[in-house]
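Report on the structure given below.
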Amino acid sequence: MTRILIIYTGGTIGMVRNAATGALESCDFENLAANIPELGHCGADIDTVTFEKPIDSSDMTPEHWGMMVRIISDNYAKYDGFVILHGTDTMAFTASALSFMLENLTKPVILTGSQLPIEAIRTDAKENLLTAIEIASAKDADGNAMVPEVCIFFHEELMRGNRSTKISASNLAAVSSNNYPLLAHSGTDIDYHREYIHKPEPGGEFTPHYDMDPRIIIFSLFPGIRREAVEGVLRSDSIKGVIFRTFGSGNAPENEWLVELLAEAVRGGKTIVNISQCATGKVQMEKYRTGRQLLEAGIISGCDSTVEAALTKLMFLMGCGLSQEQIRRRMNIPIAGEITV
Ligand code: ASP
């Protein structure tokens, strides 16, 4: 029988309502499992590891990512696949981070959760969890994992983790992959779109990484942005990397002070990555004069990356102790299918 390890971190999927305040709060895995008797006969041999204290994913940190990597690497040989139960709020950050931290992955790591807690009558928890287990168990005709990568399964859709983003606080279809096709769709059958699924490098040895450098900020432009605000961010010694959210295809106002501050920050060793505020499409700084000036200031293109993937990739590369030049080069080379080049 296929062996699956569930890693329970928390999230709405296992939350219960506090009778006094009415707010949803994290609860243990036993309560979740008691509400899904199907877990006992879904065709896989399932074990569970849970965070000592399950959390709302707003509390997720790079240390928690390291804990998940540790659990997966300690159990890598024993299981055919891993399912991570996680709150939806920061699920795309965790999925992106894990896609970089788990090098040469040959087994499925499927994150899922739900918009409604397991105890709600219309809960989406059951369908999401049971299908995620089925996907983590799936093998191709040669007996290899069908989806050997970090993915999010949510509301009938299997997405590459580092291409996903949370798009709705209320719809059951809460997660979307805007710049990359779905890896599978689940209806009455699960249809795998194999041409889009990552194939592991032959002979590549699974290598877990634990260090992420969080000295990064996400900084968003808006019409009328003031010099003092930009200075505060770009001249801060505690910041080494900036995810710079620009307009359209990577454009910024033609203010001399802005371009000079950006160039000064790059000269001072900061890595600045241009990510569009648009949900789809890609950064093309050469397209407009308002973009070219950023290219000339030494800003790197984030291509068609999500914010979550760009942020965690930069944390990862900085955590590897690479030089600014190496980081600049590697930001534009895909590690785990996070950008289209
Ligand atoms: N606040 C919750 C969390 O991210 C929301 C959810 O799970 O959907 O943990």
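Ligands are counted one by one from 1 in listed order, and the atoms in each one are counted from 1 as well.
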When the side chains of residues 219-234 are checked against the rest of the protein, which donor-acceptor pairs come out under 3.5 Å, sequence neighbours left out?
from : atom 1 : to   : atom 2 : distance (Å)
S220 : OG     : Q277 : NE2    : 3.4
R227 : NE     : E231 : OE2    : 3.0

Problem - T2 versus S137, side-chain donor and acceptor atoms under 3.5 Å - result: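 No, no side-chain donor-acceptor pair sits under 3.5 Å.
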Could you go through residues 145-155 and list every donor-acceptor pair under 3.5 Å that involves a side-chain atom there, pairing it with any protein atom two or more places apart or in another chain?
from : atom 1 : to   : atom 2 : distance (Å)
E149 : OE1    : R160 : NE     : 2.7
E149 : OE2    : R160 : NH2    : 3.3
E149 : OE2    : H198 : N      : 2.8

Note the single closest protein heavy atom to [atom], along with its residue, its atom name and the distance in Å.
atom: atom 8 (O) of ligand 1; value: T88 OG1, 2.4 Å
atom: atom 9 (O) of ligand 1; value: S57 N, 2.7 Å
atom: atom 5 (C) of ligand 1; value: T12 OG1, 3.1 Å

Exercise for the section: Indicate yes or no for a side-chain donor-acceptor contact from K107 to the backbone of Y79 under 3.5 Å, with no hydrogens or angles considered. Expected result: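 Between the backbone of Y79 and the side chain of K107 there is a qualifying donor-acceptor contact (under 3.5 Å).
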Handout entry: Under 3.5 Å: donor-acceptor pair, side chain of N128, backbone of T112
Key =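 Answer holds: no.
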Problem - Atom indices of ligand 1, in the order listed, that fall short of 4.0 Å to a heavy atom of Q115 - result: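 With Q115 as reference, the close atoms of ligand 1 come out as 8 (O).
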Problem - Proximal atoms of ligand 1 relative to G11 (non-hydrogen, under 4.0 Å) - result: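 Atoms satisfying the 4.0 Å criterion: 7 (O), 9 (O).
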Handout entry: Check: K240 and I216 side chains under 4.5 Å, non-hydrogen atoms
Key =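 SC-SC contact between I216 and K240 ruled out.
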Looking only at distances, please establish whether an N/O atom of ligand 1 is found under 3.5 Å from an N/O atom of [X].
X: T90; value: no
X: H86; value: no
X: S58; value: no

Exercise for the section: Determine, using heavy atoms of S114 and all atoms of ligand 1, whether some pair is separated by less than 4.0 Å. Expected result: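 S114: in contact with ligand 1 (<4.0 Å).
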Exercise for the section: For the pair F51 and H64, name the ring-plane relationship: parallel under 30°, tilted 30 to 60°, perpendicular over 60°. Expected result: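 Judged by the thresholds at 30° and 60°, the geometry between F51 and H64 is parallel.
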